[in-house]
Each structure stands twice: as structure tokens, then as C-alpha cells.
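In what follows, a structure is listed as C-alpha cells, so that the remarks can point back to it.
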Protein chains: 2
Amino acid sequence: MSATSKGQNKREALVKATIKLVNNNGFHATPMSKIAKMAGISPGTIYLYFENKQNLINQVYIEVKASFSDFAFMDYEEHFSVEKGFEKIWKNIAVFKLKEVEEAMFLSQCDNTPMIDEPSRKEGLKHLQPLLDLWVRGQNEGIIKQVSPYMLYAFSIYPIAFLMNMQQRELYELSSTHVDEAYKMAWNSIKI
Amino acid sequence: MSATSKGQNKREALVKATIKLVNNNGFHATPMSKIAKMAGISPGTIYLYFENKQNLINQVYIEVKASFSDFAFMDYEEHFSVEKGFEKIWKNIAVFKLKEVEEAMFLSQCDNTPMIDEPSRKEGLKHLQPLLDLWVRGQNEGIIKQVSPYMLYAFSIYPIAFLMNMQQRELYELSSTHVDEAYKMAWNSIKI
DNA sequence: TACGTTAAAATGAACGTTCATTCATTTTTT
DNA sequence: AAAAAATGAATGAACGTTCATTTTAACGTA
């Protein structure tokens, strides 16, 4: 096995351990020593891959956000009709948030906490452009409400995070019927 | 001034300081010593009012959640029509989240973080019953969609938190026109 | 292949700092 | 003068980070 792929494995193990531990304990309540132990390496080794704890968190955030965005636009093509395109993206996001729960919960904690610094936050936001473009097209076609994209996001995408939270706390079980209901509500709130 | 009211002042100052510092730094990055300093008392004195740090946070959470709920149902009466009742509650919540930003941000951080223990979380959830009752009534009258209250909450109430976040980060300015737009979208998503 | 040599990767004990909490003492109130 | 409230220095545990040392990998030579 090459040195590179071994290094990748350790980095990957570190990222995974960070996500899991931060989900369960929060950022400042997860010591580097525990992250190292869960990743199966020694504490000092973390510093071969990341500058320090803050840098570790920022990097993990950016990577998870990127993998989320990739997932969101999987199989989406710009020539789709607005409605079909939105459905594809929305359902991708729903699948991600309901199946990749660890990663989704991590993002949710990062987005509601001062644990990520502002540059990394901005960095993580870049990838959503295709959805914004789709909405503008929809507005030009007279299909989508003429309101700010923040508003559209708040009412169609953001609710999925709440449902994920409830499902995670075992307060609510989301069957695929429920996901369809939810999609219809999302579309209802943004279509004219 | 009586001992009681003095004690109340100190407690209040502690609660306020905790909210502000936790908003800016997160729970575990806020030392008791800083909370004490901002409240204008000595670190040891905190322990006359709260058992320990965890208990302090739990109490603050429960109190802020209670004050949020009181605000939400201000001027609401059960004999209102479903639509009028929902509008009153929704707009109360919107006003709270957009004006009492410190408290709203604190709740948002608590609700997306493992910093609050489960019993306190449950405790904070109790006060929302009148809204659930209203929704059931609306469903019986054939006005509100026949879906789980979690779904109704996700699409009509939860989005306000996102708009608050954006406003707080100065990415978005919410005028009263926007609030009206938002209300219409909320109502649209839950009405039949 | 086997061996010796050098470089790279990984280790984990040790360091210095920070923090929650305590309690002997002081200050304030009754 | 007694009781209650408040103080803040002291304590001990925990943590992030470093670095002297060890382990592993890579390479050249015969």
C-alpha cells in the first residue's frame, strides 16, 4: 500500500471520528485525544494532517458541505424543466439528510453554532448556485414566487432539516409517503 | 431593596450574560469566570444560584423557552377562527425571532447542539400545545392539510428560524413587507 | 533477494494553560 | 451581634499542542 493511500485512510478516519464525536458531545467537549483514539492513531499524529483543532473542524465542515452539495445535484441537468429540476434537487437533499444522518447533523450543528469561522462558512455556501439559477429561471417563467432566494430556501429546503432532527430524536418516523407529502408542501410554498 | 429582589437581579444578570456569551462563543468556550464578570459578580457567587455549569445552561434554556412560548400565544384566544388564530401565533413568533434576536439565537443553538440534556429539552417542548390544538381543529374543519404536526411545524414555523439567521448574519434584511410575504408562504404550505 | 542506510511517518509522555468548583474569609444585611 | 450573602484565591483535573524518540517505509547495492 502506498504512503499516500495510507495517509488518506488516516485523514478519513480522523474526519469520520470528528463528525461522530462532535455530533454526540459538541465541539468543545470533544478532546483531540478522543478523536485520535477513535481514529486509531496517536494524538500527535493529528497535527501531521491538520494545523490545530480549529483548522480540523473547518476542514471537516468544508468537506462535508462539499459532499452534501455533490449529492444535491446528482443526476440533475440544467435543461430539466423547473418543476422536474426542483423535484430532483429537493429529493436528493431529502435522501441525503435522511440517510447520511451523521453528516447532516454535523452540518446542522455547524450552521447554528459559532464553532466554524466565517471564511469557512462562506466557502461552504458557494456550491448552491445551480439551485439559485433554477429559481431565477422559474421566476422568469412565471412559475416561482417573486421573493428572495433566502425566502424560497427557508420554506422549501430548510424544513427538511427539522424533519431530520425529529427523525433522529425518534420523535417522528419518516416513511417514503411522508417524504412525498413533504415534497408537495415544499413545492406548494414556492410555486405561484 | 429587599434581599429577594437583589437576588433576582443577580440571577437575571447571570441569565443575560450566559445568553450573550454562549451566542458568541458557544457553551464550552464560555468560562464561568467570564459569565460572572459580565454579570458583575464573582465566580463563586454563581454557585449560590445554580448547582453547576450544566444546570445553569439547562435553567436558562427552560426559562428562555418559556418566555418564547408566552410571547407566541400573546393575545391569542381559542375562539379565534383557525386562520386568524394561526396568523396571530405565527406573527407573534416572527416578531419574537426577529426582535428578541439574542434569545432566539440562543434557543436555536440549544436545539441543534448536545449542550442541553434530554429532560430539559422535553420540558421546553410542553408549551406548544395550543398551536397543536389549533391545527387539529383546522384539520377537522377541512382547512389544514392532513399531515403530522411535525410536518406542519417544519414548513410553517421552522422557516422563520432560517430567516432570523440570515438577518443576523446581515445576509438578508427582513422588512415588514417580507414578513407578510413569509406569512403567506407559511399559510400556503399548510392550508388545504 | 538480503542487507544497510536514509528519509518519512508516527508516537506518546511532558508542558503549560485554562477552567469548574470549593471554602475560608470578608462584607452586607437584619 | 448574629445571620446571610458574597468573595476570590486556591485546587486539581483536563486539555491542546509540542518534540525527542521510535517505528516504518523507501531505496541502493551486491
Side-chain angles (χ1 to χ4, degrees), chain A residues 1-61 106 109-110 113-117 120, chain B residues 1-61 106 109-110 113-117 120:
Chain A
M1 182 186 281
S2 80
T4 308
S5 79
K6 246 194 126 172
Q8 293 288 58
N9 287 343
K10 293 207 170 144
R11 220 192 106 101
E12 219 172 290
L14 275 171
V15 170
K16 278 210 160 70
T18 303
I19 293 170
K20 186 162 271 181
L21 287 168
V22 168
N23 275 344
N24 287 323
N25 312 315
F27 173 41
H28 289 286
T30 33
M32 296 294 259
S33 56
K34 266 194 197 168
I35 298 178
K37 184 172 282 182
M38 181 173 277
I41 65 177
S42 117
T45 309
I46 299 183
Y47 294 84
L48 300 176
Y49 296 89
F50 303 93
E51 271 179 49
N52 51 39
K53 199 182 178 187
Q54 183 62 56
N55 179 256
L56 165 64
I57 287 287
N58 290 341
Q59 298 291 338
V60 173
Y61 174 74
F106 180 79
Q109 187 171 168
C110 291
T113 289
M115 81 197 214
I116 302 293
D117 55 28
S120 307
Chain B
M1 182 184 282
S2 78
T4 309
S5 79
K6 245 192 125 171
Q8 292 289 59
N9 286 345
K10 294 208 170 143
R11 219 192 107 101
E12 219 171 290
L14 276 171
V15 170
K16 276 208 160 70
T18 302
I19 293 170
K20 185 162 272 181
L21 287 168
V22 169
N23 275 343
N24 286 323
N25 312 315
F27 172 40
H28 290 286
T30 341
M32 296 295 260
S33 57
K34 267 195 195 165
I35 298 177
K37 183 171 280 181
M38 181 173 275
I41 65 178
S42 117
T45 309
I46 299 183
Y47 294 85
L48 300 176
Y49 295 90
F50 302 94
E51 271 180 48
N52 51 41
K53 198 182 178 186
Q54 184 62 54
N55 178 257
L56 164 64
I57 286 286
N58 289 340
Q59 298 290 338
V60 173
Y61 174 75
F106 180 79
Q109 187 171 168
C110 291
T113 291
M115 81 197 214
I116 301 295
D117 55 28
S120 308

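All values derive from a computational prediction rather than experimental measurement. Every chain is numbered from 1, with letters handed out A, B, ... down the list of sequences.
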* To do: Enter the distance from B:K16:NZ to B:M38:CE here, rounded to the nearest 0.5 Å.
  => 12.5 Å

* Is it true that a side-chain atom of B:E51 and a backbone atom of B:L56 form a donor plus acceptor pair closer than 3.5 Å? -> no

* Please tell me which of the listed nucleotides, C:dT21, D:dG16, C:dG12, lies nearest to the side chain of A:Y47? => D:dG16

* Rounded to the nearest Å, what distance is computed from the CD1 atom of residue A:I35 to the P atom of nucleotide D:dG16? -> 8 Å

* Interatomic distance where CG belongs to B:L48 and P belongs to C:dT28 [whole Å] -> 16 Å

* Whole-Å distance separating the CE atom of A:M32 from the C1' atom of D:dT18 -> 12 Å

* Asked: Does a nitrogen or oxygen in the side chain of B:S42 sit under 4.0 Å from OP1 or OP2 of D:dA6?
  -> no

* Measure from NZ on A:K37 to P on C:dT11 and round the result to the nearest Å. => 14 Å

* To do: Give, for atom CD1 of B:I35 and atom CZ of B:F50, the distance between the pair rounded to the nearest 0.5 Å.
  => 9.5 Å

* Name the closest nucleotide to the B:P31 side chain, picking from D:dT17, C:dT21, C:dA20. => C:dA20

* Between atom CD in B:E51 and atom P in C:dT22, what is the gap in whole Å? -> 10 Å

* Can you tell me if the side-chain N/O atoms of A:K10 get under 4.0 Å from OP1 or OP2 in C:dA10? -> yes

* Structure fact -> To the nearest angstrom, the CG-P distance between B:N9 and C:dT29 comes to 13 Å

* Value in whole Å for how far the P atom of D:dT23 lies from CD1 of A:I41 -> 18 Å

* Inter-residue atom distance B:M32.CE - B:N52.CG, 0.5 Å rounding -> 7.0 Å

* Asked: Atom CD1 in A:I41, atom CG in A:L14: separation rounded to 0.5 Å?
  -> 4.0 Å

* Asked: So does B:S33 get a side-chain nitrogen or oxygen closer than 4.0 Å to the phosphate oxygens (OP1/OP2) of C:dC19?
  -> no

* For the pair made of NZ in A:K34 and P in D:dC15, what is the distance, rounded to whole Å? -> 7 Å

* Asked: Closest nucleotide of DNA chain D for A:N52 versus for B:T45: which of these residues is on the 5' side?
  -> B:T45

* **Phosphate OP1/OP2 of D:dA6 contacted by B:Y49 side-chain N/O (<4.0 Å)** => yes

